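Note sheet for the following structure.
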There are 2 protein chains.
Amino acid sequence: MKLSTRTRYGIRAVLELAENYGNGPLRLKIIAQRQEISLKYLEQLMTVLRSAGFVRSIRGSKGGYLLAKAPEKITISDVFHCLEGSVVTVECVENESYCPRTNDCIARQVWTEVHKAVMGVLQSITLQNLVDRAKNNKGLSDIGFENEKEQINLQENGKTN
Amino acid sequence: MKLSTRTRYGIRAVLELAENYGNGPLRLKIIAQRQEISLKYLEQLMTVLRSAGFVRSIRGSKGGYLLAKAPEKITISDVFHCLEGSVVTVECVENESYCPRTNDCIARQVWTEVHKAVMGVLQSITLQNLVDRAKNNKGLSDIGFENEKEQINLQENGKTN
DNA sequence: TTATTTCCTACTGTATTAGTAGTATATTAT
DNA sequence: ATAATATACTACTAATACAGTAGGAAATAA
């Protein structure tokens with residue numbers, strides 16, 4: 001059950017934009033270099049995010065990309081759905097008519113729970129949350145993850161929109 | 001992020017064995033019919049589960065497959081790992097040396113949390129748990145999913161383009 | 001011996017992924 | 001006006017994984 005590079009790259013790119021929020025457009029070339037992503041590939045991903053309304057672009061010299069909303073208004077779930085399509089590990093979880101035995105299928109219950117668990121995590125984290133974590137990490141150097149759990153718990157309310 | 005049919009079929013097959021636990025071997029032909037899975041394909045999946053020690057087989061006439069352990073000793077996580085390879089949504093979650101920026105990468109923290117959440121669900125459910133649920137469901141006929149649906153609806157805010 | 005069932009190996013069409021490539025269009029600076 | 005820069009759009013492609021199919025060998029029971 002691997003995640004596509006689309007989603008991984010996309011989230012890293014959007015995170016760059018979040019860190020740059022308020023400072024005007026950021027060129028994809030810079031993001032591509034910093035994140036070691038193919039520029040041309042990145043362009044394609046950004047197009048998707050743009051038509052979904054999460055980022056906007058400015059063309060031409062001195063152009064680039066910006067977040068279209070404040071970083072606290074965009075969850076990882078938003079970006080994920082946009083690029084990965086769906087968390088749906090199994091079709092029947094969201095589409096009940098997909099399989100005739102939906103009601104009896106105990107396996108489906110498992111996938112439903114997995115689905116909920118993943119959604120719970122993705123929806124609880126905003127871009128702003130991650131930017132904040134990044135700042136804290138820098139402060140702590142690479143001592144690491146000590147207060148990770150506390151931070152996560154604080155974010156349990158997330159889900160603005 | 002879709003689940004392969006390998007894992008889905010495998011779990012359904014193993015669930016059949018769990019329901020049949022204590023009653024001798026069950027033929028793949030029966031499982032294939034009941035679960036609408038290609039027999040030949042199912043054979044391959046069972047081979048994997050067999051060499052991992054979760055099921056054992058009896059060849060020849062009156063042969064078939066049995067669980068190699070009690071259903072309460074096998075978790076969904078066990079079967080999942082055996083067939084899907086890994087929950088690892090992203091390589092760097094389990095393999096720290098995969099990427100040089102592991103320590104600084106905030107995106108990685110997200111995938112780590114997703115990973116933990118999924119593992120938590122999969123590890124908490126045994127085959128016996130599911131057999132028990134199936135019995136309860138039969139008692140309730142198909143009344144039983146009321147709460148389930150409500151919970152799913154709460155999560156439908158999708159922005160899926 | 002015959003019917004049944006698992007075991008083993010190899011092959012294959014389809015779809016997706018992760019890009020690459022080229023060109024067009026918009027914007028800024030000179 | 002022109003050059004430089006950056007996004008926008010379209011098309012193509014190599015590699016891989018997925019989801020089977022196919023055929024026969026070996027074991028077992030009746």
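Letters go in sequence order (proteins before strands), and every chain restarts at 1. Here the structure is a predicted model, which is why all the values come from computation and not from measurement. Values below: all heavy atoms of this structure, side chains included; hydrogens, waters and symmetry mates excluded.
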Quiz item: What does nucleotides 15-22 of chain D look like as a protein-contact string, B for base, S for sugar-phosphate only, - for none, at under 4.0 angstrom between heavy atoms?
Solution: ----BBB-
Practice problem: Starting from P on D:dT7, measure out to CG on A:L49 and report it in whole angstrom. | Solution: 14 Å
Exercise. Please state how far atom NZ in B:K2 lies from atom P in C:dA15, giving the value in whole angstrom units.
Key: 13 Å
Quiz prompt | Spacing between B:L42 atom CG and C:dC7 atom P, to the nearest angstrom | solution = 11 Å
Interface polar pairs with nucleotides 28-30 of chain D, N/O, under 3.5 angstrom:
from: D:dT28; atom 1: O2; to: B:S61; atom 2: N; distance (Å): 3.2

Quiz item: Side-chain N or O of B:R50 less than 4.0 angstrom from OP1 or OP2 on C:dC8?
Solution: yes
Self-check item: For atom CZ of B:R56 and atom C1' of C:dC7, their distance in whole Å
Solution: 17 Å
Quiz prompt | Atom pair distance, as rounded to whole Å: CG in B:L45 and P in C:dT6 | solution = 13 Å
Quiz item: Do side-chain atoms of A:H81 reach the backbone of A:S77 as a donor and acceptor pair under 3.5 angstrom?
Solution: yes
Quiz prompt | B:R108 vs B:E96, side chain to side chain contact (heavy atoms under 4.5 Å, CB included): CA-CA, chis, key distance, verdict | solution = CA-CA 10 Å; B:R108 178 173 180 267; B:E96 293 194 21; 3.5 Å; yes
Quiz item: If you take all heavy atoms of B:V131 and B:A18, which pair is closest and at what distance?
Solution: CG2-CB, 3.7 Å
Quiz prompt | Nucleotide C:dT5, atom P - distance to CD of B:Q33 in whole Å | solution = 10 Å
Quiz prompt | Side-chain N,O (A:S57) to OP1/OP2 (D:dA8) below 4.0 Å | solution = yes
Exercise. Nearest whole angstrom, please: distance from the P of C:dA18 to the CD of B:E91.
Key: 13 Å
Self-check item: Exercise: identify the closest heavy-atom pair between A:V110 and B:V121
Solution: O-CG1, 4.5 Å
Quiz prompt | Nearest-angstrom distance from the residue atom CZ of B:R27 to P of C:dA3 | solution = 16 Å
Exercise. Enter the distance from A:S4:OG to B:K2:NZ here, rounded to the nearest 0.5 Å.
Key: 12.0 Å
Practice problem: Report yes if some heavy atom in the side chain of A:Y21 is under 4.5 Å from a heavy atom in the side chain of A:Q128; otherwise report no. | Solution: no
Practice problem: Show the numbers, then the answer: is there a side chain to side chain contact (heavy atoms under 4.5 Å, CB included) between B:V48 and B:R6? | Solution: CA-CA 10 Å; B:V48 179; B:R6 286 171 67 82; 4.0 Å; yes
Quiz prompt | With A:I76, the side chain to side chain contact (heavy atoms under 4.5 Å, CB included) member among A:V14, A:L127, A:T7 | solution = A:L127
Quiz item: Which atom names give the shortest non-hydrogen contact between B:E84 and A:M1, and what distance separates them?
Solution: OE2-N, 3.1 Å
